[in-house]
Protein chains: 2
Amino acid sequence: MREKLFQYMAAYTNLTEAEQRSIIKALDVREIAKGTYLTRQGYTLDSTICYFILAGCVRQYHIDERGKEITTSFFTEDHVILLANFAKQDQTSKYSLTCMEDCILVVGDMESELDMYQQYSGLETMTRRMMENYYGQTRNELANFISSSPEERYKSITQSRPDLLTRVPQHQLASYLGITPESLSRIKKRMQHTTSI
Amino acid sequence: MREKLFQYMAAYTNLTEAEQRSIIKALDVREIAKGTYLTRQGYTLDSTICYFILAGCVRQYHIDERGKEITTSFFTEDHVILLANFAKQDQTSKYSLTCMEDCILVVGDMESELDMYQQYSGLETMTRRMMENYYGQTRNELANFISSSPEERYKSITQSRPDLLTRVPQHQLASYLGITPESLSRIKKRMQHTTSI
DNA sequence: ATTTCATCTTAACTTAAGTCAATGCCAATC
DNA sequence: GATTGGCATTGACTTAAGTTAAGATGAAAT
């Protein structure tokens, strides 16, 4: 599974293969069981921790003021989660993170990565580029969400992330699209009619 | 105006003041007139360019398939724009960027910044941290947008970015909230009633 | 086999946003 | 001062999403 990291890193780095190998060897790769929580809303968190998803699916959600559960992200293969972004001022977590499947994650500690950046000068460049990319992707995701209606969002996700349709329950997917499960049901029904003509 | 950069950089860097000064001196700071376009939808763009906003407001928008203009970002003070994220495969721009006010921007070229990273070893660390932050902020923005209704979004923006309410026309703000100008009008009217009780 | 539970769907009804058209407002221009 | 154009609001109407409640399905548990 570590092998997957080579392909991924290749796009961002000019580190030598030897360097890549020793970096990857040093990484903390963990298998984490379905149902495990990486953090829970309201719990104090270690904001130096980050995750890179090699395999599996991690759901981000929270319970809002009215007691409703709202899913705001599905992190899957090649996605990165920075717990720093989950922290409120008091260092408790705004969101819960739960593994929807058995996952294989690289667990990173931003503090100890600083040592790695010292050892491998190209590594921080790689990380910077990756972050620039994640930033951009997320801005585009946001732009997409703003510009489209619930129905368009659903169509769009069937294109961009078709795996999600089978990997996660519909009511969580609905929530992630900003609508109720009932609305998603209706949208799918509407689409059956119009696409079969 | 360059002075503002010191304060901002301080939060991300351990560069010496002398280093910071020479970096800032080397930056390309430009005054750009209201109405200027930084890029236009459909035009070929230079995806190595990035902007840091020292003062002013830059609007991101596009014309959708039905010919409607949709505003998807307002970049203001301390925000960063990476044109790389605007590029389609053919290097034309998905979005237009226009200055809503006279702006003062740091105009960066990601290529030539590589030289700077060589000269100042702490600079890339600073950029990496900034990008990690932007990534996180945008993920939270997206989570916020997903979790809230149009009315909640409007309330939320009056808290988080009250300046926007006066800086940009209402119909563009409405679009940015994912609704029509008419709906925004009604939301404001509703709120007058309920808050005055 | 039965129960339990979660999930998805359907229906009836309410609410809010979209649409279309008209009006008022203001600032810029001639 | 009259006119134009852009913007914000309002009203009437349509459409779609939210809400509530009731079934249908299926998988897991007993």
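Excluded from the calculations below are hydrogen atoms, water molecules and symmetry mates; all remaining heavy atoms, backbone and side chain alike, are included. Order of the sequence lines fixes the chain letters, A, B, ..., with proteins taken first and strands second; residue numbering starts at 1 for each chain. Please read these numbers as outputs of a predicted model, since none were measured by experiment.
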Grab the [atom1]-[atom2] distance between [X] and [N] for me, whole Å please.
X: A:Glu151; N: C:dA17; atom1: CD; atom2: C1'; value: 15 Å
X: A:Leu165; N: C:dT7; atom1: CG; atom2: P; value: 17 Å
X: B:Arg153; N: D:dA17; atom1: CZ; atom2: P; value: 13 Å
X: A:Ile187; N: D:dA16; atom1: CD1; atom2: P; value: 10 Å
X: B:Glu152; N: C:dT15; atom1: CD; atom2: C1'; value: 14 Å
X: A:Gln192; N: C:dT10; atom1: CD; atom2: C1'; value: 13 Å
X: B:Met191; N: C:dA16; atom1: CE; atom2: P; value: 14 Å

>> For B:Phe145, give me all partners under ring-ring contact (aromatic ring centres under 6.0 Å, His included), at least two apart in sequence or on another chain.
In response: A:Phe145
>> Just to verify, what does A:Tyr134 make a ring-ring contact (aromatic ring centres under 6.0 Å, His included) with, not counting sequence neighbours?
In response: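 Result, ring-ring contact (aromatic ring centres under 6.0 Å, His included) vs A:Tyr134: B:Tyr135.
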Please collect all ring-ring contact (aromatic ring centres under 6.0 Å, His included) contacts where either partner lies in [range], sequence neighbours excluded, each pair once.
range: residues 13-58 of chain B; value: B:Tyr8-B:Phe52
range: residues 88-133 of chain A; value: A:His62-A:Tyr95, A:Phe86-A:Tyr95
range: residues 162-188 of chain A; value: A:Phe74-A:Tyr176

State plainly whether the residues [X] and [Y] are in salt-bridge range, i.e. N to O under 4.0 Å.
X: A:Arg30; Y: A:Asp28; answer: yes
X: B:Arg128; Y: A:Glu124; answer: yes
X: A:Glu141; Y: B:Arg139; answer: yes

> Is the CD atom of A:Gln137 crowded by more than 12 outside heavy atoms at less than 6.0 Å?
Replying inline: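 It does: A:Gln137 CD has more than 12 such atoms within range.
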>> A quick test of your reading: do over 12 heavy atoms of other residues, nucleotides or ligands sit less than 6.0 Å from NZ of A:Lys34?
In response: no
Close N/O contacts between protein and nucleotides 25-30 of chain D (under 3.5 Å):
none

Residue-phosphate contact under 4.0 Å: [X] side-chain N/O, [N] OP1/OP2:
X: B:Lys189; N: C:dA17; value: no
X: B:Lys188; N: D:dT9; value: yes
X: A:Arg190; N: D:dA17; value: yes

>> Please identify which of these residues, A:Val29, A:Ile32, A:Ile81, meets the side-chain contact (heavy atoms from CB on, under 4.5 Å) condition with A:Leu105.
In response: A:Ile32
> Using rotation axes that map the C1' atoms of four end pairs onto the next four (five pairs an end), what angle separates the end axes of the helix from C:dA1-D:dT30 to C:dC30-D:dG1, to 10°?
Replying inline: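 The angle separating the two end axes equals 30°.
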Protein-nucleotides 18-22 of chain D N/O pairs under 3.5 Å:
residue, atom, partner, partner atom, Å
D:dG18, OP2, A:Thr180, N, 3.2
D:dG18, OP2, A:Thr180, OG1, 3.1
D:dG18, OP2, A:Ser183, OG, 2.6
D:dG18, N7, A:Arg186, NH2, 2.8
D:dG18, O6, A:Arg186, NH1, 3.4
D:dT19, OP2, A:Lys68, NZ, 2.9
D:dT20, O4, A:Glu182, OE2, 3.3

>> Restricting to salt bridge (charged side-chain N to carboxylate O under 4.0 Å, His left out), what partner residues turn up for A:Arg21, sequence neighbours left out?
In response: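 With neighbours one apart ignored, the set is A:Glu17.
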> What pairs with B:Glu65 under salt bridge (charged side-chain N to carboxylate O under 4.0 Å, His left out), at least two apart in sequence or on another chain?
Replying inline: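 Checked B:Glu65 against salt bridge (charged side-chain N to carboxylate O under 4.0 Å, His left out); zero matches.
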> Heavy-atom contacts under 4.0 Å between residues 167-174 of chain A and DNA chain C, which residues?
Replying inline: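 Heavy-atom cutoff 4.0 Å gives A:Pro169, A:Gln170, A:His171.
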>> Which residues pass the side chain to side chain contact (heavy atoms under 4.5 Å, CB included) test with B:Lys88, not counting sequence neighbours?
In response: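 Testing B:Lys88 for side chain to side chain contact (heavy atoms under 4.5 Å, CB included), a comparison that skips the adjacent residues, returns B:Asp90, B:Thr92, B:Lys94.
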